[in-house]
Amino acid sequence: MASIPRTVADIFGDYCCRRGGLINALTHDVDTFFAQCDSDEDNLCLYGYPDGSWEVTLPSHEVPPVIPDPALGINFARNKMSRDEWLYLVAVHSDSWLFNVAFFYAAYLNKNQRFTLFLTFKCMMSTVAVHNDSYSFFCYRTRLFSLINRLNNVVEDVKKWNARNTPRIDKSSEASGSKSRIPQKISSDGPSKSTSKIVEDSHVESEEEQEETPCGRCGEVYQKNEFWIACDFCPLWYHGNCVNVTTTLADEIDKYECPLCAQKRTKA
């Protein structure tokens, strides 16, 4: 049995191989794939494997499965839609399954490692994009991943809940309350200007998590005494150098709009 991928590089390698198998099924091997999806069969799934192969087969009988199963019953819609529409639908579900498997493996990565994985994924075309020969499907992946990554995953929140609700023998070791250290348009001399998005919250993130706040441009995390600036129109933070904003300029800005928000507004 193949080892379970644990590092960013291993998870991405697994993703690429499975993706390659799915793309072959939906492009070069499409006639074979179409024929195997007999609508008279039971619920069939399209699997991509770590060796780059693909298979149309029944879902796993294990409960819960070793990894998440792909979309169930792809064969039932085959004769009820045009061939291209059906292949497009399978491609959409294939992309969803690929990310599902990748982040099943990535559940125990920290935020910085997950962001690195996001940055690696954003350069890859989805199976939908390959099938339709279009780049428009992944233009905003970086922003989506950045927004998602600001949230804890479920594993992290469950761990925190258990830690808070598990009785402790040594009560003196209980945390006395963490101090928020999220950048507030930070300069090398300390906080210089607070933004509208900084609000007091009784559930302040731990200092360790805040140190993993990624820059929306380069993906690097906050380091002490760095100048950062927050967008007032989305949740992202940036190194001043990454967006050409100095401390002097930041003091003159009423509301800062990051490059992604500006681009979106321009296209609208």
Side-chain angles (χ1 to χ4, degrees), residues 1-25 45-55 57 59-72 91-130 138 141-166 178 205-223 236-237:
M1 181 177 177
S3 59
I4 297 175
R6 294 297 187 190
T7 66
V8 170
D10 289 343
I11 294 171
F12 181 65
D14 181 87
Y15 171 90
C16 288
C17 291
R18 293 180 188 275
R19 172 181 172 274
L22 296 176
I23 289 175
N24 281 335
C45 300
L46 172 60
Y47 285 86
Y49 293 121
D51 63 356
S53 62
W54 62 271
E55 181 183 22
T57 187
S60 170
H61 293 294
E62 297 183 64
V63 180
V66 176
I67 63 171
D69 282 322
L72 185 67
V92 170
H93 282 293
S94 296
D95 276 322
S96 177
W97 178 68
L98 284 171
F99 284 113
N100 198 4
V101 172
F103 290 101
F104 173 80
Y105 288 138
Y108 291 97
L109 297 180
N110 62 41
K111 287 188 176 182
N112 193 32
Q113 291 171 320
R114 289 201 302 267
F115 191 76
T116 300
L117 191 61
F118 290 155
L119 291 179
T120 311
F121 281 152
K122 74 149 186 170
C123 298
M124 302 288 292
M125 291 180 67
S126 65
T127 57
V128 175
V130 170
F138 61 98
R141 278 190 181 178
T142 303
R143 185 177 184 190
L144 175 61
F145 290 158
S146 297
L147 295 174
I148 292 174
N149 199 45
R150 293 185 65 83
L151 304 174
N152 290 336
N153 60 24
V154 177
V155 170
E156 290 169 336
D157 278 342
V158 170
K159 281 185 175 181
K160 288 182 179 180
W161 189 91
N162 286 335
R164 289 197 303 267
N165 290 276
T166 301
S178 58
E205 292 181 329
S206 69
E207 186 167 326
E208 179 181 352
E209 290 171 339
Q210 291 161 356
E211 287 174 355
E212 294 173 355
T213 300
C215 171
R217 174 60 64 84
C218 69
E220 295 296 322
V221 297
Y222 173 75
Q223 300 295 327
L236 298 183
W237 290 85

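Remember, it's a predicted structure, so these values are computed and weren't measured experimentally.
Here the side chains of P5 and I11 are in contact, with some heavy-atom distance below 4.5 Å. At least one side-chain heavy atom of L72 sits under 4.5 Å from a side-chain heavy atom of C45. The shortest side-chain heavy-atom distance between V92 and W97 does not fall under the 4.5 Å cut-off.
To the nearest 0.5 Å, atoms CG (D14) and CD1 (I4) are separated by 10.5 Å. Here C16 contributes atom SG and L98 contributes atom CG; the two are 9.5 Å apart, rounded to the nearest 0.5 Å.
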query: Can L46 and S94 be said to form a side-chain contact (heavy atoms from CB on, under 4.5 Å), step by step?
result: CA-CA 8 Å; L46 172 60; S94 296; 4.0 Å; yes

- request: Mind running side-chain contact (heavy atoms from CB on, under 4.5 Å) on L109 and T7 for me, showing each step along the way?
  value: CA-CA 8 Å; L109 297 180; T7 66; over 6 Å; no

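You'll find the ring centres of Y15 and Y105 outside the 6.0 Å limit.
Scanning all heavy atoms of the two residues, the minimum distance from G52 to N24 falls at O-ND2, 4.4 Å. Of all heavy-atom pairs spanning P68 and F104, the tightest one is CD-CG, 3.7 Å.
Panel note: side chain W54, backbone R18; no donor-acceptor pair is recorded below 3.5 Å.
A side-chain donor from one of D69 and Y47 sits under 3.5 Å from a side-chain acceptor of the other.
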